[in-house]
Amino acid sequence: MAIKFEKKGDGVYMLDCMGYVCPHPQIYTKKALEKIQDGEILEVVFDNPSSSESIAAMCDNSGIEIVEKNNENGKIIYKIKKG
Amino acid sequence: MNEVAIGKQRWALGIVGFFALISVTTYAYNEYYIYLSAYLWFGFIYGMCLQYGRFCFASAFRDLFAVGVPRMVVGIMISVILFALVSAFVTATGISTFHSSPASIHSVIAGLIFGIGMVFAGGCASGSLYKTGEGNGSALLVILSISITQSSFVDVGGWANKFVPASWHESAMAKGLPDRINVGDGWVDQYLAGYVWDQPISTFAEILGFTNETFAGAYIGNVLIGVVLPALLLLSVVYVLWSKKGYIKELKKQGKTYSIADSLAGFWRMVVSSKRTAIAGLILGVACGLQMFVIEGLRIKFGIRNAGEILQRVGSDFGLSARGTVFDPGYWYVTTQEAQWVGWVLQKLGWENTDNIFFGYINGIPNPALNPADWMSLALIGGAAVMALLSNEFKFKKPTKELAVWAITGGFLMGIGSRLGLGCNVGGFFVRVANGDPAGWLFGIGMIGGAFIGVKFFNWWTERQMAKEMAAFDL
């Protein structure tokens, strides 16, 4: 198992960090956000609860909006809009 | 509420019921067990707080250096200030269970090794316990690695004696330890008795000429000078370097410009930016202070100074140290009891490990089922599990090969660091800082340096992985 980065549609990317523990999800999220363009969406999928707080704080600190948060029985999905 | 969530709530209730049953039945059997139950329930509270606030010391400087998030540094500083205020009261009344540790460069080196380890492992010693309560298999591997490393490291002699300076050996031999302790054979033994024990022990209160057990000593020396001022200085640096930029950006969006007067508002915004972490820090701090109060109260009630006497009274004197004691800190601690349970298992398997200072002279290796600190750690895992189950965040996760390597390597480094520093992020840093012990800040400085080095390595590794994954995209 490794992280997965996929294009889901026009301007929408998915970063799958399922199974990974701290600090992998937050570091990969930061790196993916650095690569995509302003206005594009990054959907981060992870199951490490501790990372949720760090990813939210990282976005808040950088003025990036998390447009949707979901938790499906421990599978956490954040949709983050860059810019 | 769906069926899965209801099922998880039942499990949470079951865990609480299990611990309650242990407390009630053991108390009914013998009232001395209430001493162990006190440890148990404080551990349970710590577990709930840690999980609720995602309170992991590893993330404090790691997330700051790696992703620019200051929430955990803030949480820890809130917690340490609250803990200091409560424990200062306990100290001023003369019933503190805390003892300062020798302070020298060894604390910084130990913190550095520990800091690298906690970044690699993905969690500190206490963080790995609460994450195990979330069902995280990697965190469990970290605990196993810390435990095995420590219990082996403290007993390594033979070839390792070649790396002991002659001055340490001479000093250790001159300490007059009991014959049962083979102090001349063992790297850690000679490090402890020949070097660490010769280092100065003090508190900020004593450095300033106060006595710890006075209001001025406890509150001015240890809390104000030893905790509040350094914590505020640290938070100010974190605000200027990591948080101020985001606040200015936010003000710009609102059409405002940043002035000096906004500094205070920006600083406060940073403090309350993660309410969960701040609330957890607050409760943890108060609970840590209260535990010292409760344990010392029970010692007075039973007329004892150490849990070793309790074990003797309940008829279990196996694994007592040469002084008749067992590890009984009277406050939150993590790593020593982890070394003890593996030490106990190894002893049962035939490894003679009671001739070293760590097990044989200081901490003992009692049966884990009767070890107060083990009760605390197990309940910490249980408390975290309850919290995770209630918030639908519990999930069994098997570690992958990659994560297993990180966990074992990180746990190994944390095990070495915690034995060199006589404690981990909790016993070596958090508790010491809150009680005005300069050795705590020295360990903390090392941890920050270690986190920085760990993050540098981690960034290199993740960059490689990300480059592979993104090679197909024109980004």
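As the structure is a computational prediction, the values presented were derived from the model and not from experiment. Reminder, nothing fancy here: chain letters follow the sequence lines and each chain counts from 1.
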Using a cut-off of 6.0 Å, state whether more than 12 heavy atoms not belonging to Asp10(A) lie near its atom CG.
no

Considering only heavy atoms, which portion of Ala56(A) lies under 4.5 Å from any heavy atom of chain B: side chain, backbone, both, or neither?
neither

So for Tyr130(B), is it side chain, backbone, both, or neither that comes closer than 4.5 Å to the heavy atoms of chain A?
side chain

Check: Phe57(B) ring centre within less than 6.0 Å of Phe430(B) ring centre
yes

Quick one: does Gln51(B)'s side chain have a donor or acceptor within less than 3.5 Å of a partner on Met48(B)'s backbone?
no

Contact origin within Val4(B) toward chain A - heavy atom pairs under 4.5 Å
side chain

Ranking Asp60(A), Ile55(A), Asn48(A), Thr29(A) by heavy-atom pairs under 4.5 Å to chain B gives rank one to Asn48(A)

Can you say whether Glu134(B) sits under 4.5 Å from chain A via the side chain, the backbone, both, or neither, judging by heavy atoms?
side chain

At a heavy-atom separation under 4.5 Å, does Trp406(B) approach chain A through its side chain, its backbone, both, or neither?
side chain

Are Tyr13(A) and Phe5(A) close enough that their ring centres sit under 6.0 Å apart?
yes

Side chain, backbone, both or neither: which part of Lys131(B) has a non-hydrogen atom closer than 4.5 Å to chain A?
side chain

Please classify the contact of Thr462(B) with chain A as side chain, backbone, both or neither, using a heavy-atom distance under 4.5 Å.
both

Please classify the contact of Lys253(B) with chain A as side chain, backbone, both or neither, using a heavy-atom distance under 4.5 Å.
side chain

Kindly indicate whether a cation-pi arrangement holds for Lys244(B) with Tyr239(B), taking the cut-offs as under 6.0 Å to the six-membered ring centre and within 45° of the axis.
no

Counting only heavy atoms not in Phe452(B) (residues, nucleotides, ligands), do more than 12 fall under 6.0 Å from its CZ?
no

Ranked by heavy-atom pairs below 4.5 Å to chain A, first place among Lys397(B), Gln465(B), Lys401(B) goes to Lys397(B)

Does the gap between the ring centers of Phe55(B) and Tyr46(B) come in under 6.0 Å?
no

From the list Ala139(B), Ala66(B), Cys56(B), the residue making the most non-hydrogen contacts under 4.5 Å with chain A is Ala66(B)

Answer with side chain, backbone, both or neither: which region of Leu15(A) has an atom nearer than 4.5 Å to a non-hydrogen atom of chain B?
side chain

Turns out that what part of Asn392(B) lies under 4.5 Å from chain A's heavy atoms comes down to both

Pair count under 4.5 Å, heavy atoms only, with chain B: among Ala57(A), Cys22(A), Ser62(A), highest is Cys22(A)

Looking at Phe458(B), does the NZ or CZ of Arg62(B) lie under 6.0 angstrom from its six-membered ring centre and within 45 degrees of the ring axis?
no

Does Arg71(B) pair with Glu53(A) as a salt bridge, N-O distance under 4.0 Å?
no

Where on Lys30(A) is there a heavy atom nearer than 4.5 Å to chain B: the side chain, the backbone, both, or neither?
side chain

Are Tyr78(A) and Phe46(A) near enough that their ring centres are under 6.0 Å apart?
yes

Which portion of Lys4(A) sits near chain B, non-hydrogen atoms under 4.5 angstrom:
both

Bottom line for Val455(B): the part with an atom under 4.5 Å from chain A's heavy atoms is neither

Using modelled atom types and a 3.5 Å cut-off, is there a donor and acceptor pairing between side-chain atoms of Lys82(A) and backbone atoms of Ile36(A)?
yes

Side chain, backbone, both or neither of Ser51(A) within contact of chain B (heavy atoms, under 4.5 Å):
neither

